[in-house]
Structures are given as C-alpha cells and as structure tokens.
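Working notes for the structure below.
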Amino acid sequence: MLRESNDFNNSASTITCGRVASTSNDEFIEAYLRAGEVAYKVKKSVASIVKPSTKLFDIAEKIEESIRFFGGEPAFPVNISVNEIAAHDTPYVGDTRILTEDSLVKIDIGVHVNGFIADTAITITFSDKAVKLVEAAEEALRKALASVSSGAPINVVGRAVESVARKHGFNVIKNLTGHSLDRYLIHAGEVIPNYFTRLALGRLSSGKAYAIEPFLTSGKGYVEEIKSSIHIYALNTSFKNYKQVTEEETSLIRFVYERFKTLPICERWLVREFSDLSMLRTLLQSLVRKSVLTAYPVLREVSGGLVAQFEETVLISGNEAIITTNPELNR
Ligand code: MN
Ligand code: MN
C-alpha cells in the first residue's frame, strides 16, 4: 500500500544520483518473472518461519534474508501486521513483540530484481480464530484474479472482491486498494479499488504489472493511521527545501538513495550504517518534518475488527495475464 514516486533526480538536489538505465521489453518481463519467482519461494518458506512464540523482529529478518538468498532484494520492509492492524507495520530496532497462538498475521512481502517488483501477501492464523475471514479473503483474491485479463475494466476486481466479502458476511476495507507497479515504484499511479465504483474508469493494459490485494474485515471496513507508530519511510521527491538539510541528514539521504532509491525503508536497514540509534531516529524524524522523507504510519481497522489480506502480482503481457508471484494460479 505504499505510495512513492521516483522523480528524485529532478529535485533541486545537491546530491547527484545516477539515472536508471532503460531496459528492453524482454529484460523487463524477465525481471518481473524472476522477482515473482523469488517472492513465491519466500512465501512457501513463510509457514516454517511464522510461528507462535516467535519474535516479529526475527521473522522479519529471516524473511528478508531469504529474499536475498533466492536472488532478489526486498522492495520494502516486510510488513508483519497482526489482528486489527491492516498494513505498514514492520519490526523496529529493539522490538520485543512476540506472536501468540491467537495472532492473525498478515505477511506482506516485496521483492525486486533491478527495480522490477513482486508484491505478495498471505494471512496466517494458528487457531480457529478468524478462519472464515481468512478463507473469504483468499477466495476474494482468487475470484478477483480470475476476472483479470488484458483490457478488462479495473472495476472487475472490486466487483469480484465485494461479492465474495458480502457472501460471507464481511466488509471490504474501502480505503486500501490494489495498484499498478513500476520500476522502483510500488504505487505507480493506478488504483484498483476492492469494491465496485464507477469512479474506477481505467482498464488493465498490456505491458503493465498490477498488485491485486483484497483486505477483508469483521469490522467497519476502513483503516486509520496510528500517527505515533511509524516504522516505514521512503524518500519523498517533491520537496523543495533541499538546501536546508544538515550534513548528517545529507549523508543519510545519500545512503538511502544509493542503496534503496525511492523504495520504502525502515530502521532495521539503516542501523548498521548509522549505529547511533537515537541519532538515527532524530534524523529520520527531522527529515519527515522537512518533507524529505514520507512517513507511513501503521494502519489499523477503525473499529478494531480483524483484518485478512491476500495479494498477488499480475503482469499483463500481450493477451496474457501472468500471476508472477504464484505459478499455481496461472491458467
Ligand atoms: Mn501492494
Ligand atoms: Mn503488498
């Protein structure tokens, strides 16, 4: 659900950044497929990592390690969102949170290969709790994916998701959507609502990748930001007062751009380089105030309802719709 833009080079920056080299059509498809394959393998290994009594911190580190092991890079910090938290939670340095038997856990994994992204999520439950919700969310994604084809109206996705949610007596989270993907961009502009709306006018088009991700809930169907819980950031590109950053801030910006471009980041990824944690936190907060970084607060269902999410990435190539993150679902 993270929103980015990759126009960093165009800002009034004193930092020079290399332009992203262009790729041919085949290379681009190849990279999308490879990212999807890595994401699929990681997803398969998640069940052995995500268990009760495990620290969220260790789960996150293991999942991101396995992304690298399989030959990809994390496209964003793995989101581990429990119960009524829908998204944008990732463990922070010193995080002691532990999964319990009755945790309902969303694991949202992002992988990129040369900037081409696979975005996929699953929901895990260890008890009978919320089994119906989890199954409904998975069915909603399957129905939505079955409706996806080259040239199909974006609307078909929301129609499918909403009808499955209603059938099982759950609500769709209306302010969380699927999205188009682009190179180094998680949210490339097009939004794919999880409910039917005439306002979603576009069509799914060839040469593009889309993340389809229904969120279902036993609650009201909206999320709100928890402003005091921010664990994910990304370089913002539209800031203008770049000259007002300090030397320390400049070195942090430089490090982030060189390593992660405009993809989302978290404390865990920076602390090795900026070992003084309280200094790092001060810099992050200050760069958010200066609009150099965008902060992504944790998102919670407004009524405290449980939330389940499933997500796959689809690449539309010619007349084909290829689910890059799950070969089992390709028809
Ligand atoms: Mn997504
Ligand atoms: Mn995702």
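Note that these values count all heavy atoms, side chains included, but never hydrogens, waters or copies made by symmetry. As the structure lists them, so they are numbered: ligands from 1, and atoms in each ligand from 1.
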(Q) Which residues pass the side chain to side chain donor-acceptor pair (under 3.5 Å) test with Glu301, not counting sequence neighbours? (A) Ser303

Q: Establish, from distance only, whether the side-chain atoms of Thr120 and Lys43 form a donor-acceptor pair under 3.5 Å.
A: yes

**Q.** Shortest-distance N, O or S atom of Glu213 relative to the Mn ion (ligand 1)
**A.** OE2

Q) Nearest to the Mn ion (ligand 1), which N, O or S atom of Glu311 do we find? A) OE2

(Q) Suppose you place the vertex at the Mn ion (ligand 1); what is the angle out to Asp119 OD2 and His179 NE2, to 10°? (A) 90°

Q) Looking at CD of Glu312 and CD of Glu328, how far apart are the two atoms once the value is rounded to the nearest 0.5 Å? A) 9.0 Å

**Q.** Glu225/Arg300 ion pair, N-O < 4.0 Å
**A.** no

